[in-house]
2 protein chains.
Amino acid sequence: MKLSVRGEYALRALLVLGLHFGGEVVPIQMISEEQNIPKRFLEQILNDLKVTGAVESKRGIAGGYRLARAPQEISLASIIRHVEGALAPISCVSERFYEKCSCPDEARCAIRNVMKDVRSKILEVMGTITVADLCARAQKLAEEPATALDYVI
Amino acid sequence: MKLSVRGEYALRALLVLGLHFGGEVVPIQMISEEQNIPKRFLEQILNDLKVTGAVESKRGIAGGYRLARAPQEISLASIIRHVEGALAPISCVSERFYEKCSCPDEARCAIRNVMKDVRSKILEVMGTITVADLCARAQKLAEEPATALDYVI
DNA sequence: TTTATACTCTACCATGTCAATAGAGTTTAT
DNA sequence: ATAAACTCTATTGACATGGTAGAGTATAAA
């Protein structure tokens, strides 16, 4: 049930770009340092995001990346789908990456039935939350006192 | 965001065992044929499930597997965790498989914050639904007329 | 117009996981 | 005894993942 590192990096990069939205273009270098992401790898991911239209780039000495659309128009679901494929836990319940599974009768498959529920729950979150929301959460978290933060053990 | 085939097979096998609960032990062969699962692979998966205590086996000529506990006491979440690890989309929000991620400040990470929501949504479904529910769904689906079934395109 | 900075594109590689197969047991009802 | 069925450990091939490398191209600034 994992998200790949690739997807995680994409979201982290987008968060940075979201926080700089409206301002100057942000160089890969800066994102890479700020977020601890291997620069060369991030390069590829941002390029993917460019191809899919989430970000745009400016080349040359003062170059870098910026969001191609308003932060509130970029859902996390759309990003994940672009950089790593299906959001659904199994592909027989995926809308855009549907694939038949090996079960005897897909239409009457109880597992599939449950996974459809899981899928819609995931989508409920990932489809609703946008880069703008991500930024808002980041700002809120930054303001909170350290004592209010939870520690997972 | 995928579940592995291993996890899917485990659930499918458990469904079969759930439907036979109370009766005789079910041989791997039968589950394998009924569910289109490679027998040798299923062998390993059922063995895992035995080690974790979800099923028990009987050896010898009339051998096979049965659930080790009542169907309503086996949640899908517990099974997935046993055969493939974390349910959480990223390990920094996993309760039992926690691992630090590479982000600069985990406690104030907005991505993590969102993923916690996703994780709890997934758990809301997978943690609640048991093998018994799975069986109930299977029976209900079997009764439904074909026209009521949905087709994903 | 040179130069340094930053993006672009294609290729490559090392590792690991996944799904599956294989073989040599052990157990047990008949 | 024997055949059906589980048990255990290895191994394999394919593929994805995470990351590196190098040779470009564009552009702002000096």
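In what follows, chains carry the letters A, B, and so on, assigned in the order in which the sequence lines appear, proteins first and then strands, with residues in each chain numbered from 1. Nothing here was measured: the structure is a model prediction, and the numbers come from that model.
Taking the C1' atoms of five terminal pairs at each end of the helix from C:dT1-D:dA30 to C:dT30-D:dA1, the two resulting helix axes are inclined by 10°, rounded to 10°.
The list of salt bridge (charged side-chain N to carboxylate O under 4.0 Å, His left out) pairs with a residue in residues 34-46 of chain B, not counting sequence neighbours, reads B:Arg40-B:Glu43. The stretch residues 76-91 of chain B participates, sequence neighbours left out, in no salt bridge (charged side-chain N to carboxylate O under 4.0 Å, His left out) pair at all. Within the structure, salt bridge (charged side-chain N to carboxylate O under 4.0 Å, His left out) contacts touching residues 1-12 of chain B (residues at least two apart or in different chains) are B:Arg6-B:Asp48, B:Glu8-B:Arg12. Residue pairs meeting the salt bridge (charged side-chain N to carboxylate O under 4.0 Å, His left out) criterion with at least one member in residues 51-63 of chain B, sequence neighbours excluded, are B:Glu56-B:Arg66.
In this entry the distance linking CZ of A:Phe41 with P of C:dT8 reads 17 Å, nearest Å. Rounded to whole angstrom, the span from the NZ atom of A:Lys39 across to the P atom of C:dT8 amounts to 12 Å. Going from atom CG of A:Asn47 over to atom C1' of C:dA11 covers 15 Å, rounded to whole Å. One can place OH of A:Tyr65 at 6 Å from P of C:dC7, the figure rounded to the nearest angstrom. At whole-Å resolution of the value, NZ in A:Lys50 and P in C:dA6 are 17 Å apart. Rounding to whole angstrom units, CD of residue A:Gln29 and P of C:dT5 are separated by 11 Å. Between A:Asp48 atom CG and C:dC7 atom P there is a gap of 15 Å when expressed in whole angstrom units. Rounded to whole angstrom, the span from the CD1 atom of B:Ile45 across to the C1' atom of C:dT21 amounts to 14 Å.
Note on B:Lys2: nothing from the nucleic acid sits closer than 4.0 angstrom, heavy atoms only.
Checked against side-chain contact (heavy atoms from CB on, under 4.5 Å), A:Val125 has the following partners two or more places apart in sequence or in another chain: A:Ile129, B:Val114, B:Asp117, B:Val118, B:Lys121. Shown here are the side-chain contact (heavy atoms from CB on, under 4.5 Å) partners of A:Ala10, two or more places apart in sequence or in another chain: A:Ile45, A:Leu49, A:Ile79, A:Val83. Residues meeting the side-chain hydrogen bond (donor to acceptor under 3.5 Å, both in side chains) test with A:Glu73, sequence neighbours left out: none.
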(request) Show your reasoning for whether side-chain contact (heavy atoms from CB on, under 4.5 Å) applies to B:Met115 and A:Leu3. (result) CA-CA 10 Å; B:Met115 290 306 161; A:Leu3 193 73; 3.8 Å; yes
(request) Give the C-alpha distance, both sets of side-chain angles, the deciding distance and a yes or no for side-chain contact (heavy atoms from CB on, under 4.5 Å) between B:Leu134 and A:Ile111. (result) CA-CA 7 Å; B:Leu134 215 51; A:Ile111 312 290; 3.7 Å; yes
(request) Go through the steps for B:Tyr9 and A:Ser102 under the test side-chain contact (heavy atoms from CB on, under 4.5 Å), then give the verdict. (result) CA-CA 10 Å; B:Tyr9 286 171; A:Ser102 65; 4.0 Å; yes
(request) Could you go through the side-chain contact (heavy atoms from CB on, under 4.5 Å) check for B:Ile31 and B:Leu46 one step at a time? (result) CA-CA 11 Å; B:Ile31 306 177; B:Leu46 284 173; 4.1 Å; yes
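Note that the first and last nucleotides of DNA chain D, 5' to 3', having any atom under 4.0 angstrom from a heavy atom of chain A are D:dG18 to D:dA28.
Inspection of the B:Glu143 and B:Gln139 side chains reveals no N or O donor paired with an N or O acceptor under 3.5 Å.
For the segment residues 75-91 of chain A, no residue has any heavy atom less than 4.0 angstrom from an atom of DNA chain C. Residues from residues 14-28 of chain B placing a heavy atom under 4.0 Å of any atom in DNA chain C do not occur.
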(message) I'd like to compare against my own output: the B/S/- annotation of nucleotides 23-30 of chain C with a strict under-4.0 Å heavy-atom distance to protein.
(response) BBBBBBB-
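Using a 4.5 Å heavy-atom threshold, the side chains of B:Tyr65 and B:Val26 count as separate.
Although no hydrogens or angles enter the test, the distance criterion places no donor-acceptor pair under 3.5 Å between the side chain of B:Ser91 and the main chain of B:Ser94. For the pair B:Thr128 (side chain) and B:Glu124 (backbone), a donor-acceptor distance under 3.5 Å is present.
With values rounded to the nearest 0.5 angstrom, B:Arg119 atom CZ is found 5.5 Å from B:Leu123 atom CG.
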